[in-house]
**Q** 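Supplied in structure tokens, the structure appears directly below.
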Amino acid sequence: MEMLIVIAIIAVLIAVAIPVFASQLEKTREATDLANVRSAYAQVSTEALLGDSEATVTVNLKQKQADWQSVDPVNIGGIVHSKSQGDTENWIGVAAPNGTCVVSYKEDYGIILTWSGKADPSTPKYPFNTNETNFFSPLYNTDFWQDMRNNTNFEFDSRCLDSKYVPSITAEINKLNNSLLQQDDCTWAYLGNGRDGQEANRYLFWTSLNTNEVGPGQKIPVIIQTGDGKYYVSETKTGTRNGKKYVTISESLTRSQYKQILEKGEQFPSLEKAYDAYLKALGNSKYDSARQSKS
């Protein structure tokens, strides 16, 4: 019994010691970075005094956390900078893991320190939770999904507000944790074959654009997730339905046309890769008019 207590105490002490050690190790890395940057500062200053105002020195940073953990403000050669200060004439950017500090000189300002990284390293890269990837669960969790088992070409478009199905899907989407489907003003649609064994022939189309504002007959980029979990980025043309005022994410499609949309697009291994490609596609000049609808 005493042995178990001793082991438990040792385990607790190790658990406490690990973060303390990690913190000290990071401070050591930062101290190394500061020493190296100060050395580069002295070198560039000397070169400038000798008439070489074009001299620069790049320091590869050792630190593993963004910004400074051990000191605030930082003082390098008389350039004093605090975390809350932002960019100044002599200090640009934020130190980052595997980043650099470029030390240069300008006659009007003196030494300039340019750090790699972003002003807010805590800001996530994506505006949505990238762990929420099961986009078909909101469809399958609805009460009506069982009735779709004999439907070979269903369509539920988020812009169809008078649909008796879309509110049920939306209610399930709202249970997710900051999903792609919950982004402001986006448009989504579930389409395809509802029969058992036809998961690969079911499709979720998503765009960051409000198709009602884009208008019908406009080409737009879309992210597509198939029912078997594959991601694509492709293009659709917005449309309308008889007697309806809303604008759909796509014109009416047959089963073969779904395949054509996938074939003219590109497949990606993850949601993140697909979203990156979507943003790149959205920046294409051919989508200028569609993109301007969001401004």
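Every value quoted in this text rests on a predicted model; they were computed, and no experiment measured them. Start at 1 with the first residue, then count along the sequence.
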**Q** How close do L61 and A95 get, counting heavy atoms only, and between which atoms?
**A**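 Scanning both residues completely, I find the closest heavy atoms to be CD1-CB, 3.9 Å.
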**Q** Taking C-beta and beyond as the side chain, do Q183 and S208 meet within less than 4.5 Å on heavy atoms?
**A**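 Q183 does not reach S208 side chain to side chain.
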**Q** Quick one: pull up CG in N212 and NZ in K245 and give me the separation to the nearest 0.5 Å.
**A**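 Separation between the atoms: 11.5 Å.
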**Q** Counting only heavy atoms not in N150, do more than 12 fall under 6.0 Å of its CG?
**A**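 At most 12 heavy atoms, drawn from other residues, nucleotides or ligands, come within 6.0 Å of this atom.
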**Q** Indicate yes or no for a side-chain donor-acceptor contact from Q182 to the backbone of L176 under 3.5 Å, with no hydrogens or angles considered.
**A**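 Yes, Q182 side chain to L176 backbone: donor-acceptor pair under 3.5 Å.
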**Q** Do N201 and K259 meet the criterion of a side-chain donor-acceptor pair at a distance under 3.5 Å?
**A**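 N201 vs K259: donor-acceptor pair found between side chains.
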**Q** In terms of side-chain geometry, is the basic nitrogen of K125 or E272 positioned less than 4.0 Å from the acidic oxygen of its partner?
**A**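 Judged by the 4.0 Å cut-off on N to carboxylate O distance, K125 and E272 do not form a salt bridge.
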**Q** Would you call Y126 and L271 a side-chain contact if the rule is heavy atoms closer than 4.5 Å?
**A**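 A side-chain contact is absent here, since even the closest heavy-atom pair is not under 4.5 Å.
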**Q** Between D196 and R149, is there a donor-acceptor pair closer than 3.5 Å when you use the side chain of the first and the backbone of the second?
**A**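 Not a single qualifying donor-acceptor pair exists.
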**Q** Between W206 and F135 (judged by ring centroids, cut-off 6.0 Å), do the two rings come close enough to count as a pair?
**A**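 That pair fails the under 6.0 Å test.
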**Q** Could you tell me if T130 and Y275 have a donor-acceptor pair between their side chains, going purely by distance under 3.5 Å?
**A**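 There is no such pair between these side chains.
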**Q** Please tell me whether I173 and F128 are part of a single hydrophobic cluster in this structure, the criterion being side-chain heavy atoms less than 4.5 Å apart.
**A**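 Yes.
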**Q** Decide yes or no for H81 and L113: does some side-chain heavy atom of the first lie under 4.5 Å from some side-chain heavy atom of the second?
**A**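 Not touching, per the 4.5 Å side-chain cut-off.
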**Q** In the single-linkage hydrophobic clustering (I, L, V, M, F, W, Y; side-chain heavy atoms under 4.5 Å), do L262 and L191 co-cluster?
**A**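 Yes; L191 is reachable from L262 via cluster members.
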**Q** If we only count heavy atoms from C-beta on, is the Q69 to K27 side-chain gap below 4.5 Å?
**A**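 They are not in contact (no side-chain heavy atoms under 4.5 Å apart), so the answer is no.
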**Q** Are L279 and L181 linked, directly or through other ILVMFWY residues, by side chains that come within less than 4.5 angstrom of each other?
**A**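 Both belong to a single hydrophobic cluster.
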**Q** Nearest 0.5 Å please: distance from the OG1 atom of T211 over to the CG atom of D157.
**A**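 It is 6.0 Å, given to the nearest 0.5 Å.
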**Q** By the definition side-chain hydrogen bond (donor to acceptor under 3.5 Å, both in side chains), identify the one residue from K219, E235, Q218, Q292 that meets it with Y287.
**A**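 Single side-chain hydrogen bond (donor to acceptor under 3.5 Å, both in side chains) partner of Y287 among K219, E235, Q218, Q292: E235.
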**Q** Looking at T207, is its backbone amide N or carbonyl O close enough to the side chain of T187 to form a donor-acceptor pair, meaning the two atoms are under 3.5 Å apart?
**A**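 The answer is no, because no donor-acceptor pair under 3.5 Å joins these two groups.
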**Q** Test your reading of the model: is there a side-chain donor-acceptor pair from D33 to the backbone of Q63, 3.5 Å cut-off?
**A**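 Between the backbone of Q63 and the side chain of D33 there is a qualifying donor-acceptor contact (under 3.5 Å).
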**Q** Could you state the interatomic distance from CD1 (I223) to CG (L180), rounded to the nearest 0.5 Å?
**A**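 That separation rounds to 5.5 Å.
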**Q** So, taking the atom named NZ in K106 and the one named CD in E54, what distance separates them when rounded to the nearest 0.5 Å?
**A**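 So the NZ of K106 and the CD of E54 are separated by 10.0 Å.
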**Q** Begin from the C-alpha positions of L25 and K64 and carry the test side-chain contact (heavy atoms from CB on, under 4.5 Å) through to its verdict.
**A** CA-CA 10 Å; L25 190 58; K64 300 300 182 184; over 6 Å; no
**Q** Where do R159 and C186 come nearest, in terms of heavy atoms and distance?
**A**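 That closest heavy-atom pairing would be NH2-O, 2.8 Å.
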**Q** At their closest point, which heavy atom of A189 faces which heavy atom of I249, and how far apart are they?
**A**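 What the structure gives for the nearest pair is CB-CG2, 3.6 Å.
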**Q** Testing the basics here: between R29 and K62, what is the closest heavy-atom pair and its distance to 0.1 Å?
**A**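 In this case the closest contact between R29 and K62 is CD-O, 3.2 Å.
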**Q** For the atom pair CD1 (I224) and CD (E266), what is the distance rounded to the nearest 0.5 Å?
**A**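 These two atoms lie 12.5 Å from each other.
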**Q** Taking atom NZ as the centre, does K264 end up with more than 12 heavy-atom neighbours from other residues, nucleotides or ligands that are less than 6.0 angstrom away?
**A**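 Yes - once you tally the heavy atoms of other residues, nucleotides and ligands closer than 6.0 Å, there are more than 12.
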**Q** Can you name the closest pair of heavy atoms from G99 and S116 and give their distance?
**A**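 Here G99 and S116 meet closest at CA-OG, 2.8 Å.
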**Q** Hey, does the side chain of E30 reach the backbone of S70 with a donor-acceptor pair shorter than 3.5 angstrom?
**A**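 At least one qualifying donor-acceptor pair exists.
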**Q** Test side-chain contact (heavy atoms from CB on, under 4.5 Å) on V166 and Y190; report intermediate values, then the result.
**A** CA-CA 10 Å; V166 168; Y190 290 97; over 6 Å; no
**Q** Taking a hydrophobic cluster as the set of Ile, Leu, Val, Met, Phe, Trp and Tyr residues connected by side-chain heavy atoms closer than 4.5 Å, whether directly or through intermediates, do Y41 and V57 fall within one such cluster?
**A**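 Yes.
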**Q** Between M148 and R202, is there a side-chain heavy-atom distance shorter than 4.5 Å?
**A**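 Answer no - side chains too far apart.
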**Q** Using a 3.5 Å distance criterion without hydrogens, assess whether the side chain of E26 forms a donor-acceptor pair with backbone atoms of Q65.
**A**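 Yes; at least one donor-acceptor contact below 3.5 Å.
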**Q** Does the Q225 side chain pair with the main chain of T133, one donor and one acceptor, at a distance under 3.5 Å?
**A**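 Yes, Q225 side chain to T133 backbone: donor-acceptor pair under 3.5 Å.
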**Q** Once rounded to the nearest 0.5 Å, what's the spacing between atom CD of E213 and atom OG1 of T238?
**A**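 Separation between the atoms: 12.5 Å.
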**Q** For E132 and N129, which I'm curious about, is there any donor-acceptor pair between the side chains at under 3.5 Å?
**A**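 The answer is no; no qualifying pair exists.
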**Q** Start with the C-alpha distance between N141 and K175, add both sets of side-chain angles, then the distance that settles side-chain contact (heavy atoms from CB on, under 4.5 Å), and finish with yes or no.
**A** CA-CA 11 Å; N141 289 339; K175 296 177 183 179; over 6 Å; no
**Q** For a 4.5 angstrom cut-off between non-hydrogen side-chain atoms, does I111 reach V103?
**A**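 In short, these two side chains touch, coming nearer than 4.5 Å.
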**Q** Donor-acceptor check, side chain of S104 to backbone of T56, threshold 3.5 angstrom: yes or no?
**A**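 No, S104 side chain to T56 backbone: no donor-acceptor pair under 3.5 Å.
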**Q** Does atom CG of D108 have more than 12 heavy-atom neighbours, drawn from other residues, nucleotides or ligands, at distances under 6.0 Å?
**A**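 Count over threshold, so yes.
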**Q** Can you list every ring pair (Phe, Tyr, Trp, His ring centres under 6.0 Å) pair that touches residues 248-269, not counting sequence neighbours?
**A**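 Every ring pair (Phe, Tyr, Trp, His ring centres under 6.0 Å) pair that includes a residue of residues 248-269, provided the two are not neighbours, is Y203-Y258.
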**Q** Stepwise, does the side-chain contact (heavy atoms from CB on, under 4.5 Å) test hold for L50 with D52?
**A** CA-CA 6 Å; L50 295 175; D52 183 7; 5.9 Å; no
**Q** In terms of side-chain geometry, is the basic nitrogen of R291 or D288 positioned less than 4.0 Å from the acidic oxygen of its partner?
**A**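 Salt bridge: yes.
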**Q** Between T100 and T58, is there a donor-acceptor pair closer than 3.5 Å when you use the side chain of the first and the backbone of the second?
**A**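 Checked: no pair found.
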**Q** Would you say the side-chain atoms of T32 pair up with the backbone N or O of T28, donor to acceptor, closer than 3.5 Å?
**A**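 Yes; at least one donor-acceptor contact below 3.5 Å.
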**Q** Any side-chain heavy atom of V247 sitting closer than 4.5 Å to one from V214?
**A**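 The answer is no, as the side chains (C-beta and beyond) never meet within the 4.5 Å cut-off.
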**Q** So do S252 and R241 actually touch side chain to side chain, heavy atoms under 4.5 Å?
**A**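 When only atoms from C-beta onward are counted, S252 and R241 do touch, with a gap below 4.5 Å.
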**Q** With no hydrogens and no angle check, do the side chains of E199 and N193 hold a donor and an acceptor under 3.5 Å apart?
**A**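 E199 vs N193: no donor-acceptor pair found between side chains.
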**Q** Indicate the atoms forming the closest heavy-atom contact of L282 with P221, along with that distance.
**A**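 Scanning both residues, the minimum pair turns out to be CD1-CG, 3.8 Å.
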**Q** Enumerate the residue pairs fulfilling ring pair (Phe, Tyr, Trp, His ring centres under 6.0 Å) with a member in residues 155-184, sequence neighbours excluded, ordered by first and then second residue.
**A**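 Qualifying pairs: F144-F156, F144-Y165, F154-F156, F156-Y165.
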**Q** Going only through I, L, V, M, F, W and Y residues with side-chain contacts under 4.5 Å, is there a path from F205 to Y140?
**A**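 Yes: a chain of side-chain contacts under 4.5 Å links F205 to Y140.
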